[in-house]
Amino acid sequence: MRLKKLLDRYMYKDTATIYRCDEAHDGPVDDYEEVMVYENIPCKLSQYGKDLNFKATDMAPEVNENLRMTCNPAYDIQPNDYIVIQHQGQEFRLNASQSFCYPTHQEISLLRIVNNREVRV
């Protein structure tokens, strides 16, 4: 499809590495390990809605940012996948929600939580 090729060429300037939790087969039943599913796939990171959710906790202020990744629908990105995106010299570490697929692309809402200490959801 021609539109997919145009998206790949002109829109997807960022790259994403996708990790997924998988059961470790040599440990206890509830022992999980992070497995790389895709490395450096072309994508586009963007913001949607300019509002930041701000919540004060006992430890530190916490800011939740809502971002969106767009990529080719051929990639199987699942809810709770951990995604590291390289965007214009910045690195974003995010968690995926359910992807929304179109014939030409898919959109995945992402969540990043920021506070004094590094936290992964």
Side-chain angles (χ1 to χ4, degrees):
M1 180 177 267
R2 184 173 178 192
L3 183 55
K4 279 186 188 180
K5 289 181 182 180
L6 290 172
L7 288 172
D8 287 343
R9 184 172 179 183
Y10 295 109
M11 188 170 157
Y12 300 148
K13 301 295 184 187
D14 304 323
T15 59
T17 301
I18 315 298
Y19 298 92
R20 188 168 295 146
C21 281
D22 192 21
E23 283 187 47
H25 298 289
D26 56 353
V29 174
D30 37 333
D31 190 20
Y32 290 88
E33 64 182 348
E34 226 169 49
V35 176
M36 183 188 305
V37 180
Y38 301 108
E39 185 174 21
N40 296 326
I41 65 170
C43 68
K44 176 177 175 45
L45 180 66
S46 60
Q47 297 181 36
Y48 68 96
K50 293 288 184 178
D51 296 332
L52 293 178
N53 301 321
F54 182 80
K55 177 175 78 172
T57 65
D58 293 339
M59 298 296 288
E62 185 176 274
V63 179
N64 297 339
E65 293 180 283
N66 292 313
L67 302 170
R68 177 178 296 140
M69 182 177 92
T70 306
C71 66
N72 192 305
Y75 298 106
D76 176 28
I77 299 173
Q78 298 179 6
N80 296 319
D81 280 354
Y82 180 62
I83 303 176
V84 179
I85 298 178
Q86 301 297 322
H87 171 76
Q88 297 182 359
Q90 298 176 308
E91 182 176 274
F92 291 84
R93 296 175 177 271
L94 307 149
N95 290 90
S97 66
Q98 178 70 42
S99 68
F100 193 86
C101 288
Y102 296 95
T104 55
H105 67 284
Q106 66 178 316
E107 296 177 355
I108 301 113
S109 294
L110 306 166
L111 177 64
R112 178 171 80 148
I113 296 178
V114 181
N115 63 17
N116 278 0
R117 59 195 198 289
E118 185 169 298
V119 174
R120 286 191 19 204
V121 180

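Nothing here was measured: the structure is a model prediction, and the numbers come from that model. Worth knowing before you read on, the calculation uses all heavy atoms, side chains too, and leaves out hydrogens, waters and symmetry mates.
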Is there a side-chain contact between [X] and [Y] (heavy atoms, below 4.5 Å)?
{"X": "Leu67", "Y": "Ile85", "answer": "no"}
{"X": "Tyr19", "Y": "Val84", "answer": "yes"}
{"X": "Ile77", "Y": "Cys71", "answer": "yes"}

Query - Which atom of Asn95 lies closest to which atom of Tyr82, heavy atoms considered - result: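 Minimum heavy-atom separation between Asn95 and Tyr82: ND2-CD1, 4.0 Å.
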
Query raised in the report: Do side-chain atoms of Gln106 reach the backbone of Asn72 as a donor and acceptor pair under 3.5 angstrom?
Result: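 Confirmed, Gln106 side chain pairs with Asn72 backbone.
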
Query raised in the report: Ignoring hydrogens and geometry, is there a side-chain-to-backbone donor-acceptor pair from Ser97 to Ser109 under 3.5 Å?
Result: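 Yes; judged by distance alone, with no hydrogens or angles, the pair exists.
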
Query raised in the report: Which residues satisfy the salt bridge (Lys or Arg N to Asp or Glu O under 4.0 Å) test with Asp14, sequence neighbours excluded?
Result: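 Salt bridge (Lys or Arg N to Asp or Glu O under 4.0 Å) list for Asp14, sorted by chain: empty.
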
Query raised in the report: side-chain hydrogen bond (donor to acceptor under 3.5 Å, both in side chains) with Gln78: which residues, sequence neighbours excluded?
Result: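 In terms of side-chain hydrogen bond (donor to acceptor under 3.5 Å, both in side chains), with neighbours along the sequence ignored, Gln78 is linked to Asp76.
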
Quick check for you: to the nearest 0.5 Å, what is the distance between [X] atom [atom1] and [Y] atom [atom2]?
{"X": "Thr15", "Y": "Lys44", "atom1": "OG1", "atom2": "NZ", "value": "13.5 Å"}
{"X": "Asp81", "Y": "Glu34", "atom1": "CG", "atom2": "CD", "value": "9.5 Å"}
{"X": "His105", "Y": "Ser99", "atom1": "NE2", "atom2": "OG", "value": "11.0 Å"}
{"X": "Met69", "Y": "Tyr75", "atom1": "CE", "atom2": "OH", "value": "9.5 Å"}

Query raised in the report: Going only through I, L, V, M, F, W and Y residues with side-chain contacts under 4.5 Å, is there a path from Ile108 to Phe92?
Result: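 They do share one cluster, since a chain of ILVMFWY contacts under 4.5 Å joins Ile108 to Phe92.
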
Report task. Establish whether Tyr38 and Leu45 are linked, either directly or via other cluster members, by ILVMFWY side-chain heavy-atom contacts under 4.5 Å. Result ->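 Linked within one cluster.
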
Query raised in the report: Is Phe100 isolated, or which residues cluster with it under the ILVMFWY side-chain rule of less than 4.5 Å, directly or via members?
Result: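 Same cluster as Phe100: Tyr102.
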
Query raised in the report: Knowing that exactly one of Ile83, Asn40, Ile41 qualifies, which makes a side chain to side chain contact (heavy atoms under 4.5 Å, CB included) with Thr17?
Result: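 The residue from Ile83, Asn40, Ile41 that satisfies side chain to side chain contact (heavy atoms under 4.5 Å, CB included) with Thr17 turns out to be Asn40.
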
